[in-house]
Amino acid sequence: MNIWEKMLNVDRRWIFLLIGIACVVPFFNPLGLPILPSAEVMGIYDHIEGLGPDNAIIVSFDFEPGTAAENQPMSVAALRHAFARNIPVYVTSYWPLGQAMAAMAISELTDESLEDYFKYVEWEDWASIRDQGIVDRAGIEEAWTAEGNTLPENARGWVFEGRDIAFLGYLPYFHLVILGMTSSIASQFPTDVSGTPLEEMPIYQDHKSLRDIDLAVTSAGGSACVSWITYGREKIGLPIAFGVTAVMATDYYIFIQSGQIVGQMGGLRGAAEYEVLLKENGYNKGYGKAFIGMDVQNIAHLLIIFLVVLGNIAFFAGGFHKKTKLKGRR
Amino acid sequence: MLRKVPALLLALLLATGLAWAQAEEPPPTEPADTGEAAETAEEAVVMEEVAEIELSALSAAVGDGMISPGGIVVSDWPNDAGDALLISFEPGSEIGNDNFAGYAIYRRTQGEEELVLVGTMETDEGTSFIDGYDPDFIVEPGVQYEYQVAAVYLSGSEVASDLVTAQVTAEGQLFHTGKVRVLVGCVLFLGLILFYFHAAQRGVEMYLRPIAGIEAIDEAIGRATEMGKPILYVPGLGAISDVATIASITILGRVAKKVAEYGTPLLVPNRDPIVYTIVEETVKQAYMEAGRPDAFDKDSVFFLTQSQFAFVAGVNGIMMREKPATNFYLGLFWAESLILAETGSLSGAIQIAGTDAVTQLPFFITTCDYTLIGEELYAASAYLGREPKQLGSIKGQDACKGIIMAVITLGLLLALTDIITGTETLDWLKNVITMPIVD
Amino acid sequence: MTETIGLWVAALFTIGIYSFLYKENPLYRLAEHLVIGVSLGYNIAITYTNVIQPKLLDPISSGEQGAWLLLVPAILGLLYITRFFPGVGWLSRYPMAFLMGAGMGVGFPLSMKAQVLRQLEASLIPLYETGMAWDVVIGNVVMVLGTLAALIYFFFSKPHKGLFFGTGSKIGIWVIMIGFGATFGFTVMGRISLLIGRIQFLLGDWLHIIE
Amino acid sequence: MKRSIPLAIVMVGGILFMIQYFIPHQHSQTLFDYYTQWAPIVGAFALVLGVGSLYRLHSHKIKRKAKNWQYSYAVLVPLFLIPIFALIMPESLGGGIMQNMGGDRVTQGVFDFAYLNVQVPIQATMFSLLAFYIASAAFRAFRAKSALASILLIAAVIVMLGQVPIGELIGKWFPKIGLWILRYPNLGAKRAIALGVGFGMLATQLKIIFGVERNWLGGAGK
């Protein structure tokens, strides 16, 4: 057994340890390198930037906890952007487990112990304002503060349940749900997850079907996002934005080039780019998890490349390439 | 004759395409961008309040000299289920007025008293409106409606037109003219697949190019026999409904037959219980066909576990203990592909992989000796299985790919022509192919 | 209080699974089994509250007009249960057939449009227009030729010989390999991102030693 | 009855809805509305299959005292307890479902607890194991054995460097070339694969609709 062979047969647990170290140490010594947003992510950002309280978007949590590390920051970033601009948001989910991911995202953005959170106003709490017949966003906020409510210091804004957000949740056969929503959202979701009838909500009064929706942001860990194109975009021309895991991202560049989606956040990098855009434009004082994660990723990528190169040197220097060969091989 | 069919169909496609490009009227443009959420809430309030007031009183309240919108023309919105009408009208004196806030569209069913506000429009949305998209005020097919359009001013006052009886009632169409290209695509595809099914069943010889991986399969079996070591065959982690699993089982049948002839031991671990039963049948059958049913070892095909990572751990254990000379990974794989192939490569086995899971292919290509890429897996199974309908299906798909290739080549040539001559021939081709975004 | 207990439980399972990297062990096995039971239990609850109750039970019990028709899909769905009774197990094919047949019929033209015709449409692009950067022009050529060549590689009806099919398929496999390289690079990023996410949980949410 | 009727249902349903797409008429729309209304209800019952087979598998294991049978309780107990807590138990006893969506509504019942602190960490950690395996495979198995494998690895390295900020420090061109690879050659290859797979999928759908492919019928009652 020569040295190369010994090297290649090293217990893999040593390599496990190496990658573990490479992913932990940078947390304590951040490099703080800048990330430049790509055109793919700017496409989404600019689209949402062009919307306001009169428009509405859908943020769909089409992933499961397994890929949450990548997908969750994307959805949170899109939700934050919408909340900050007072754009009404419908929140849906393609998978049952995604509904809970959505709940976690909303509670993260409305967590009062965090900087720059949004003060959540529950449906029942502003019933009196609705009874007065005030439905426009500015009027609601005015009436709400007139009732003696003041925005806490750390908070960035209010989120009125039923006006700024409607949490619709999961339904099975979601591709059919998308089709059904093209004619009426309430036909698919008569109520939100806590049982409030959709028809009573101001958000629904202005945005009754997908025709009244200006963007659907789908964050997916698999091919669920393509359903939004097949059943939403191709049916009524609904604009779509993708947030996909890195594993799927390269496959979906075709949809950007064909104009079927307005943009794509690919993996943690895509989420980090969106976080950069939010911070640069004053929607957030700090970065989110994705940006910090990308900083850590630097070293890990270098380590992987180093391992590939080293492994190949050992392989060829050790003469292993001569041992197994098939005629049929390319 | 058979060879000419795709060419003929292509000619047909182009000819029809050309015909539409000439004949088709431009589809009606949607007057208001319905994707844009229409009314600001503020105006909606104003208008709803206004709607409650008696209309005649309203009209009277507006000063003289104001010309109301008029000339309402109601036409049927095409390609729908009879649930939308297009209302177009001519503007009145509100144009250019700084206080003009938008239009309000009122409707009532003929014979009823009350007018209902069915929609509002902003100043920049033109003078036509699609009625019926609001799920609260649906348009019923065949019902006679009456319409009124009012110009709304910032003060809340409205100048309303006369009540006009709709010239038409909404009607559903029997064919969606915007979907002609999709129809042609579907019919072509369907036609070609059925044609080749039929041809294959009649026993027409069909050429399928040799797939290098198949050679490698035979060679790898030979290698294991020489070394007297077992062969490991993993039919993927997919269910029976996955195309890759079906293809893999066909290939397994062929491998098992060879293995039976040579008397090499075979190991087939399974993850899906249903796949397991079918795989066992297939292997037994193969030993029978090879004339050695007695050589079939019942324990060679077995069910491991349904859990993804536990399955991998199990297979890895087998690789380290039994040291198979050849590993086959054919079928549907997910993230575990990497772990399997790495362990196999360390145990020194020859590895042949094949899957249609695109994201896993790079790992197989870099770790295995031979990899069947995507469709090659299906083709290999058709090639080995020689089942006429499978062959026919591959042929039919190839014919469709041929059409796609022809159109792309044509596009490439036209694009080059455009650069050289400065013409716009590519746009012409695009017009033939491009479908409207909205159905 | 529950939150703290929860964090510790979550951390315990996270570490338990990482212990698998060292050696297979009972904690890992427990986690692996639990996740199956919990996710299916979760699905049952969500399916009941989001589907069965609002879309089936509520309309029928409130006596909505035409709601009795909903009994048809309900009975069809109940046929799934026959799968567990050997004699009548074949009845479970009926609901499957309903969902498969109609689902495929609905999907067929839509897939044809979104995944085939739209993609064909998008590959017809002008290679050069005034003002285009040179890398875009080269890119456009590479993209269109790459699509064509890769299609040739997957074309099985002709021998891969001659200028068009021979050279074409060779270029095709090279382009495919570059595409796979991109997937490879992105997949590495994805896997490490997931690990980073867990480290953020362990060191941040649980131990509070990082931000 | 056992095979021919299901096959007929598939065929009729498939062809009917294929044609339906091209007919916007109201009757055709009504038919389609029924389908969108019914399919989720029928589909919801399919869950019974999963629960049933899981129950059968693990109760058998426990009965036979098969290897590691104790762990089967870890599957069966939450499988039944979680729906009971979510749907039947009152909130005072830890019942209720996903109430932590914002504001003060944080009543963590058993359902939420199991999801947040068992399901999420286990599932996320399982997937993150792959980071370790990818590192190990990078060293021990990713080989530039041929020209094609080499080009794959080179493209991979460029893209990897292009994605992380440090790539730009190493060479200004890495991110640009990385992005160029993604936008053009990668796109060309993926489009061809998407078209091929698309045709493969459409052909399979046709085979199922026309009863050529019958594997989905399974083994019961031939």
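Closest approach of W180(D) and D135(C) over heavy atoms only: NE1-O, 3.0 Å. Smallest separation of non-hydrogen atoms from F113(D) and G6(C): CE1-CA, 3.5 Å. The minimum heavy-atom distance linking R93(C) with P6(D) is given by the pair CB-CG, 3.7 Å. Pairing each heavy atom of L195(D) with each of Q115(C), the nearest pair is CD2-O, 3.9 Å. Pairing each heavy atom of T147(C) with each of A192(D), the nearest pair is O-CB, 3.6 Å. Of all heavy-atom pairs between V136(C) and Y184(D), the closest is CG1-OH, 3.7 Å.
Heavy atoms of L78(C) lying under 4.5 Å from chain D belong to its backbone as well as its side chain. L21(C) touches chain D through its side chain: at least one heavy atom from C-beta onward sits under 4.5 Å away, while N, CA, C and O do not. Only the side chain of F154(C) comes within contact range of chain D, with heavy atoms under 4.5 Å apart. Looking at I17(C), both its backbone and its side chain come within 4.5 Å of chain D, counting heavy atoms on both sides. Looking at I15(D), neither its backbone nor its side chain comes within 4.5 Å of chain C, counting heavy atoms on both sides. Looking at I138(C), the atoms closer than 4.5 Å to chain D (heavy atoms on both sides) sit in the backbone and in the side chain alike.
If you take CG on N117(D) and OG1 on T14(C), they are separated by 9.5 Å, rounding to the nearest 0.5 Å. Note that CE of M100(C) and CD of Q205(D) are 10.0 Å apart. Values are rounded to the nearest 0.5 Å. Here the straight-line distance linking atom CG of L99(C) with atom OH of Y35(D) works out to 6.5 Å at 0.5 Å rounding. From L56(C), atom CG reaches atom CD of Q37(D) across 10.0 Å, with rounding to the nearest 0.5 Å.
The side-chain heavy atoms of V159(D) and M189(C), taken from C-beta on, include no pair separated by under 4.5 Å. The shortest distance between side-chain heavy atoms of V116(C) and L202(D) falls below 4.5 Å. At a threshold of 4.5 Å between non-hydrogen side-chain atoms, the residues R56(D) and F84(C) count as touching. Contact of the F17(D) side chain with the P109(C) side chain is not registered, since no non-hydrogen atoms from C-beta on lie closer than 4.5 Å. In this structure, the side chains of Y28(C) and M126(D) come closer than 4.5 Å at one or more pairs of heavy atoms.
Taking the six-membered ring where the residue is Trp, F98(C) and W38(D) present tilted rings, their angle falling between 30° and 60°.
Note: Y18(C) and F132(D) meet the aromatic proximity criterion, with ring centroids under 6.0 Å apart.
Top candidate by heavy-atom pairs under 4.5 Å with chain C, chosen from S53(D), P121(D), G196(D), is P121(D).
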Distance-only criterion, 3.5 Å: show the donor-acceptor pairs between side-chain atoms of residues 165-177 of chain C and protein atoms not counting sequence neighbours.
{"residue": "T167(C)", "atom": "OG1", "partner": "L163(C)", "partner atom": "O", "Å": "2.9"}
{"residue": "S169(C)", "atom": "OG", "partner": "H160(C)", "partner atom": "ND1", "Å": "3.3"}
{"residue": "S169(C)", "atom": "OG", "partner": "F165(C)", "partner atom": "O", "Å": "3.2"}
{"residue": "S169(C)", "atom": "OG", "partner": "G166(C)", "partner atom": "O", "Å": "3.2"}

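Checking side-chain atoms of R198(C) against main-chain N and O of A124(D) turns up no donor-acceptor pair under 3.5 Å. The closest donor-acceptor contact from the side chain of K55(C) to the backbone of I41(D) lies at 3.5 Å or more, if one exists at all.
With sequence neighbours left out, the side-chain contact (heavy atoms from CB on, under 4.5 Å) criterion links L7(D) to R214(D), W216(D), L217(D).
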